[in-house]
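Here's the structure, in structure tokens; my notes come after.
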Amino acid sequence: MQLLYPAGVWALSGLLFVLALYILRKDYRELNVSSTFLWRRTIKDQTASKPFQKLKSNLLMILQLSAVLLLALALMRPLLSGTQAGGETVMVFDVSMSMQAEKAGQSRLGQAVSEARRMVEGMGAAGRLTILTAGKKVNHLLSRSTDRQEALKALNAIQAENGDADVDGALSLAKAMGREINNLNIVVFSDTYLVKGEEDVRYVAVGEGVDNCAILSLTAAKREDGMAALARIENFGGAASVTVRCYADGQLCDARTAALKPGETQSVHLNVPESAVYILAEIAEEDGLLLDNQRHFVMRKSGQKKIALIGQDNIFLEKALLQRGDVELVRTTKEDAPSLTDCSLFVYDGVLPEQLPESGSFLILQPAAEILGVTPGTKKSPEYAVNLADSTLAGQFSDHVSLQGVALKEYAPLAGGQPVLKSGGDTLISAGEESGRRFMVIGFDLHESNWVLKYDFPIFMMHALNYLMPDVLSGARDALCGDVLSFSLDGRTSSAAAITPAGKSAALAPPFPALPFEDTGEAGLYTLSQTLLSGETVKTPFVVNGTTAESDVREVAQSSGENLLKAGVTDYGRELTTLLLIALLALMLAEWWVSCRAG
Amino acid sequence: MLNDEMLHRLDALRLAMQSYIRGGAGGIRKSRALGDSAEFSDFREYAPGDDLRRLDWNAYARFDRLFLKLFMEEQEMRVTIILDASASMGYGEPLKWAFAVDAALMLSYLAVSGGDRVSLAVLSGEKLLKSPLYAGRQGYLQASSFLKDIRPSGAVSLTRSVTRIPFSSGRGMCVLISDLFSEDGSEGALASLLYRKQQAVLVQVLSREEMEPELSGPMHLVDSEGGPAMDVTVNGELLRRYQKNLESFIGGTKSYCHRHGIPYVLMRSDMDLMHDALGNFMRGGIIA
């Protein structure tokens, strides 16, 4: 046996305390009686059976001393260890959404933590423990610690996430440790991850299969007669009847009942007010996994964006720009352009401003000199066909754009920025970002090319507009819990922050470019708040939903590898603290009984 | 002090004790000394010199032998009531002393109204207070007056004190009223009375607090007679032992009295005098 906390021996000083209580004089109450004649005879008689009387009168003291002894021993945490007290273990916890499935009031993760706690309490004093959690990312909660209390604290801090789990990544990390540490035991706690072919890993399956219904998707659209939402429900279990409630901006607006056969998927139509922005659909009945009983959706508002045109008229360009329904063209001069602070895009065709506006994106056609880091070269006639450049940025413009048969009269090769369109080795169109503002430079005259007559010109221009005036939430479409979101901030933004459903705010910018937003663990309605240079604050709602990939919780994998734990850890010892505390409680009850009987 | 109603009830009763009495004036107490009174007692054969007037001719006719009639000589009895007035008698609710005085007066009244004489002896510390002999109904009032202002105090050794009580020659009846909390016990005192030809009667008076003490916890007991004080932790077990000792104490006294033909009565100071106490006296054969 060993003592996990030998310092607990200090509790033995309680013995002195108990003895002192009995040594100290009792507080006697004086009483006049007729005669002590009979009392003296009684005490004499009591003393005659001395041994037993002494024992009885001291029984309370004996019980109290025993209680102090038990307490001291319990504090020292004696351990009846198994074969050996050492060993090193890595515990990997699957913290995916399915681990939150509950049966009989305990979640799968709770069960895993309880099992792990039992292992930790039985580990020898020299045993080391590492704890990893496998969610969207692998987290290191504890590293090679021998401190039991620290280990138990780390176990208590494990929380399930609302996404899926990267158990492979965690296992790789654990195995990497195993290459440096001898006799490393790897224990995986999961509900669905099957360790196939993992010969040196013990897999502890937790949980039992439960029935579950999930809302797989929620969309809404305006119709002629108002607005409607559509929720897709799937039944991962036996036949069920579910009630789907719909809330529009926090108010209940509709409820429908659906009867689902085992494994069936159904669409439920819900009526929502036309003015609704945030829509929540939820299944009223509780089942094995509650997180997928809700789905969030937000209606996107389309606001008008202004595009300022400076320079020569270009009907082809104007028409191409106007094909986006949310655009309003404003013609102005290069002197007046900087004063148009509400424009999202400035198009300079054949002219160069002395001073660029402070906000917005730029489309520069035929620049005569260097601008935004792009320098036009000497004009020349094209010798090669026009093609999209081979770059990631150019890939954004490639959808349905062939550029076949596009001919130019002449062009100025561009240096700087990232190439989008090329002719041979020369860059015809360059794009990029300067101080957080996007730009595109076209090094030729559109009037002197046949491209404007091709079908792919307006398509290309649409891509260009999406690049220059991106939907701020383009990086947050269909976001799931755990995703890292990137926002395309408005060119006029001076600062931006994302606000979680709980109200926590995360600053995204400055600095620019904006930071990606990682705090997406909670499903619900978020807000992107942008403060523009004009001082105006634009709040854009977006939603993050839980993954439905974890919704089928009908089955749990089998445990394996019980015999694979290395020597020294197979037989986890038994800490006697609980037994000692139970004995202490029984002793205290006995002391109370003796005290009552004596009184 | 007994009220008129009590005295009226007592008029129907008398002391039931028989006593060897010799000497003294004529009373209505039966005497075992054979005398010339009219009450027949027994026969014996005629011996020359006997009084021929006592010959029973009926017996001669029947048995053809001469027998003499014997008669009881009727004489008054002296009743001595000894009261323990030690400090322990001034304890209890109601006081044991008050009860003892009432019991003594009751017995005194019965004695004098039965034609006997009564005297009182009060043992208080080292002092012995002896009253003169009282007779007649007036004697009751005198006895009451004698006891009126006495208060219990000091410690009493029963044997030593009782031995000091002077008795006139001849037999009499002696009632000892005490709680018997004396270091030398009561046996010596009773034996002294028997030796001096007294018909002893023992009345032990205890209080409810002594018979059923309601104490608990650590106590420092102070003896009212100046005896040893003691520290005790009173608990259920100790109280049980106390009861056992009390029963043993009473039982021992009862047993001694029984062996020596001494009527014994146990009284509790909170008893009703004319019901419970009187009943006890009657059951004890002291009053009839």
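Chain letters run A, B, ... following the sequence lines, proteins first, then strands; residues in each count from 1.
- For B/R160 (side chain) and B/D184 (main-chain N/O), no donor-acceptor pair under 3.5 Å exists by modelled atom type.
- Of all the listed residues (B/P228, B/A87, B/S88), the one sharing the greatest number of non-hydrogen pairs under 4.5 Å with chain A is B/P228.
- Taking chain A as the reference chain and counting heavy-atom pairs below 4.5 Å, the highest number among B/E210, B/M230, B/M89, B/K96 is found for B/M230.
- Checking side-chain atoms of A/R128 against main-chain N and O of A/T89 turns up no donor-acceptor pair under 3.5 Å.
- The backbone N or O of B/V156 sits nowhere less than 3.5 Å from a side-chain atom of B/S86 that would complete a donor-acceptor pair.
- For the set B/L239, B/D223, B/D179, the entry with the most heavy-atom pairs within less than 4.5 Å of chain A is B/D223.
- Between the side chain of B/Q199 and the main chain of B/L194, no donor-acceptor pair closer than 3.5 Å is present.
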